[in-house]
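Only one structure is covered here, and it is reproduced in the block below.
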2 protein chains.
Amino acid sequence: MPLKIAIQGIKGSNHHQVAKEYYGHDIDLVECLSFHDLVDRLLEGKADKGIMAIENSIAGSIIPNYALIDDNGLHIIGEHYLNINHNLMGLKGQSITDIFEVRSHPMALLQCREYLKTQPHIKMVEDVDTAETAKRIQEKNLKGIAAIAPKGAAELYGLEIIVPEIQTIKNNATRFIVVKTKNKELPKKEINKASVRFVTDHKRGSLATVLNVMSDCNLNLTKIQSLPIIETPWKYAFFVDVTFDEFEHFAKAKSLLNIMLEDFKVLGEYKNARL
Amino acid sequence: MPLKIAIQGIKGSNHHQVAKEYYGHDIDLVECLSFHDLVDRLLEGKADKGIMAIENSIAGSIIPNYALIDDNGLHIIGEHYLNINHNLMGLKGQSITDIFEVRSHPMALLQCREYLKTQPHIKMVEDVDTAETAKRIQEKNLKGIAAIAPKGAAELYGLEIIVPEIQTIKNNATRFIVVKTKNKELPKKEINKASVRFVTDHKRGSLATVLNVMSDCNLNLTKIQSLPIIETPWKYAFFVDVTFDEFEHFAKAKSLLNIMLEDFKVLGEYKNARL
C-alpha cells in the first residue's frame with residue numbers, strides 16, 4: 001500500500017513537488033487546506049507523514065509551524081530543500097499583452113514584484129494559494145487572468161507558461177520538513193542534524209551560556225529564532241538547529257543542556273539535506 | 001500641518017489604531033496597500049513616518065519587513081505594542097445563527113480557530129485584510145457574511161460586533177515599529193533599546209562570541225533571529241534587539257562589534273516601549 005503523505009495545498013503545489021522528490025511518485029497524496037488540517041490528519045491516522053514548509057531564504061521561519069510541531073508532539077524525521085520558481089501562466093494561446101490581472105499568494109506576488117513593475121497594465125490581486133488559482137483559471141476558463149504558480153501546476157491544469165521564472169531572486173530555496181506522530185529511529189551514524197527548543201529567562205547572557213555549551217560540544221548552529229513566551233513576560237523560547245559530525249557530540253550536549261535548562265526538548269534528529 | 005503617517009492597510013485596521021495611540025488623532029493618514037508601498041511613500045517624501053508591524057507574540061517576526069528596512073536604509077525611531085483583539089462582526093441586526101461564512105486574513109482565522117470550531121455551520125474563507133473585509137460587507141450589504149476585524153472597523157463601517165474577542169490566546173501583543181528615512185537623534189539618556197544586524201560565518205561558536213561581547217557590555221538580548229544570506233551559502237545574518245540601562249554600554253559594544261564583525265549595522269536606537 002502506498003504511503004499516505006499529507007501536504008498543505010493541492011496537486012501541483014510546491015508541497016506536492018517536495019512529496020514527489022522525497023518519496024517518489026508512488027504515494028497516496030492527502031491534500032490539506034491548512035497546516036492545522038495537516039496536523040489533524042496525522043493525529044487521526046489518516047496520513048502517515050506530513051510535509052511542511054518551515055523556512056524560506058527570503059521570508060524566514062514559518063513560526064506557527066514550529067508551534068504546531070511542539071504543541072502536538074510531532075517529530076521531525078527529515079528535511080528537504082526546494083528551489084522555488086514562480087511562473088506566470090494562463091489559458092493557452094494568450095500572450096502577456098492579453099493579461100490584465102495576475103492572482104497569487106501575497107508572498108509570491110512580493111517575490112515577483114520587480115518583474116510585475118515592468119508590466120504596469122497588469123493588476124495584482126492577492127489570492128490564497130498558487131496552484132489553486134491555476135486550477136480555478138482552467139475550471140472557470142478565465143481569460144486575461146494569470147496565476148503565478150509552480151511549473152507542475154501548468155502541466156496539471158493545462159495552462160501555458162507565458163513567462164517562466166519571474167521571481168526577483170533566482171536562488172529562492174525553501175526548506176521543508178517531514179513530520180510524523182511517532183519518532184522514526186534512524187541509525188545514529190546517519191543522524192547529523194537536530195532541531196531543539198529551550199527556554200531561558202531574561203538574565204543577561206543566558207543565551208550566550210547555552211551557545212557556549214553547544215560550541216564546546218562541536219555543534220554548528222545553522223538557525224536560531226527567539227519567540228517570547230506569551231504567558232510569561234521576559235521568558236523566551238529559542239528554536240535552534242544544529243549540525244554535527246558525530247552523534248556522540250550531540251548526545252553530550254543533550255545531557256548537559258537537560259541539566260542546565262528548565263525546558264529542553266528535542267524536536268527531531270535527522271539527516272542534514274545540505275551536505 | 002499634521003504629520004503624514006503611512007500605515008499598511010486602511011482606516012480601522014490595527015496599524016491605524018497604533019498610529020492614533022502613538023501620534024494622537026491629529027494626523028494625516030496615508031493608507032498603503034502593502035509594506036512595500038509604505039516604504040515607497042516614505043522614499044518619495046509623501047509620508048513623514050511609517051508604522052510597520054514587526055513581530056507578533058504568536059507568529060514571530062515579519063522577516064520581509066526587516067529586509068525592507070535594511071535594503072532601503074530606513075531608521076527605526078520608536079516602537080509600540082498593541083494587544084490585538086479579533087471581533088466577529090457583520091451587518092446590523094444579525095445574530096451568530098444568521099452567519100454562514102466568515103472572511104478574514106489567514107492569520108486572524110488561525111488565531112480564532114478554537115472559537116470557530118464551536119460554530120461548524122460557518123465556513124472559513126481566507127481574505128487579504130481584516131478592515132477591508134469589514135468595509136466590503138458594508139459597501140456591498142453582504143448578509144450572512146462576517147468579518148474578523150478590530151473594534152475600530154465596526155465603528156467606522158457601521159457594523160455590529162456579534163461576538164467580541166474570539167481569539168484563542170487573549171494576550172496577543174503585536175510589536176510595531178516607527179520608521180523614517182532620516183535618523184531622528186534622540187537625547188542619549190532617552191535611548192535604552194537598539195536593533196542591530198550583523199553577519200557571521202559558519203565557524204563554530206562565532207555567534208556565541210558576539211553574544212558574549214554583548215553580555216560583557218551589560219546588554220540584555222530581547223530578540224534574535226537568524227536568516228541565511230541567499231547569495232553566500234553558510235553565511236548568516238542575525239537581527240538582534242538589545243536593551244540597556246546606560247547608552248555608554250551600548251556605545252562600547254558598538255565599537256567592539258564594529259571591529260569584530262565584517263558587517264555590523266545599527267538599524268535604530270530608540271526608547272523601549274516595555275519598561
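Keep in mind that what you see is a predicted model, and the values were worked out from it rather than measured. Worth knowing before you read on, the calculation uses all heavy atoms, side chains too, and leaves out hydrogens, waters and symmetry mates. So that the names make sense, note that chain A is the first sequence line, chain B the second, and so on, each numbered from 1.
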*asked:* Can you list everything that forms a side chain to side chain donor-acceptor pair (under 3.5 Å) with Glu248(A)? Sequence neighbours excluded, please.
replied: none
*Is the charged tip of Arg197(A) near the ring of Tyr66(A): under 6.0 Å from the six-membered ring centre and within 45° of its axis?*
no
*Measuring heavy-atom distances to chain B, does Asp216(A) have an atom under 4.5 Å in its side chain, in its backbone, in both, or in neither?*
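Answer is neither: Asp216(A) stays 4.5 Å or more from chain B.
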*When you look at NZ of Lys117(B), are more than 12 heavy atoms from neighbouring residues, nucleotides or ligands closer to it than 6.0 Å?*
yes
*For Phe238(B), is it the side chain, the backbone, both, or neither that has a heavy atom closer than 4.5 Å to a heavy atom of chain A?*
side chain
*Selection from Leu33(A), Leu211(A), Leu207(A), Ile224(A) maximising heavy-atom pairs under 4.5 Å formed with chain B*: Ile224(A)
*Salt bridge present between Lys46(B) and Asp40(B) (N-O < 4.0 angstrom)*: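 No.
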